[in-house]
S.K.: 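One structure follows; several queries about it will come next.
These values consider heavy atoms only, across backbone and side chains, with no hydrogens, waters or symmetry-generated copies.
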Amino acid sequence: MTPTVRRIGTCTEPATVLIEGRSQIDGGLAYGPLEIEVYACDRHARTARTEWVEESLTPFTAIAEPVAGRRCGDVVDAD
């Protein structure tokens with residue numbers, strides 16, 4: 001399947017952080033497949049982790065450097 005790309009918020013600064021949202025498996029002791037990728041600037045990194053990734057997913061900070069071609073608020077839903 002093709003991933004779905006969408007936007008959250010109105011900030012368009014270059015992304016410096018990638019937050020991955022993963023499903024929990026094994027009662028929360030391990031993590032399953034990647035469900036969502038959320039890109040954010042430094043100013044919105046905390047918001048991305050706490051508000052832009054669904055509560056049912058576990059957020060992980062994957063990249064803490066500029067992400068080529070992505071802007072704050074870009075979201076990729078894995079299908």
S.K.: Which residues pass the side chain to side chain contact (heavy atoms under 4.5 Å, CB included) test with A48, not counting sequence neighbours?
M.R.: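 For A48 the side chain to side chain contact (heavy atoms under 4.5 Å, CB included) partners, ignoring immediate neighbours, are I19, V38, A40, W52.
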S.K.: Verify, without hydrogens or angle tests, whether R7 (side chain) and C72 (backbone) share a donor-acceptor contact under 3.5 angstrom.
M.R.: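 Checked: pair present.
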S.K.: Quick one: pull up CD in E20 and CG in L34 and give me the separation to the nearest 0.5 Å.
M.R.: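 E20 atom CD to L34 atom CG measures 5.0 Å (nearest 0.5 Å).
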S.K.: Report yes if some heavy atom in the side chain of R71 is under 4.5 Å from a heavy atom in the side chain of P14; otherwise report no.
M.R.: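 Of all side-chain heavy-atom pairs linking P14 with R71, at least one is under 4.5 Å.
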S.K.: If the condition is side chain to side chain contact (heavy atoms under 4.5 Å, CB included), which residues does E54 pass it with, not counting sequence neighbours?
M.R.: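 Checked E54 against side chain to side chain contact (heavy atoms under 4.5 Å, CB included); matches are S56, L57.
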S.K.: Residues two or more places apart in sequence or in another chain: which of them pass side chain to side chain donor-acceptor pair (under 3.5 Å) with S23?
M.R.: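 S23: side chain to side chain donor-acceptor pair (under 3.5 Å) contacts with E35.
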S.K.: Evaluate D74 against V76 for side chain to side chain contact (heavy atoms under 4.5 Å, CB included), listing each step before the verdict.
M.R.: CA-CA 7 Å; D74 285 351; V76 179; 5.9 Å; no
S.K.: Without swapping roles, check the side chain of T16 against the backbone of D42 for a donor-acceptor pair under 3.5 Å.
M.R.: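 Yes, the answer is positive, given that a donor and an acceptor are paired below the 3.5 Å cut-off.
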S.K.: Report the C-alpha separation of H44 and I8 in whole Å, then their side-chain angles, then the decisive distance to 0.1 Å, and conclude whether the side chain to side chain contact (heavy atoms under 4.5 Å, CB included) test is met.
M.R.: CA-CA 11 Å; H44 292 110; I8 294 176; over 6 Å; no
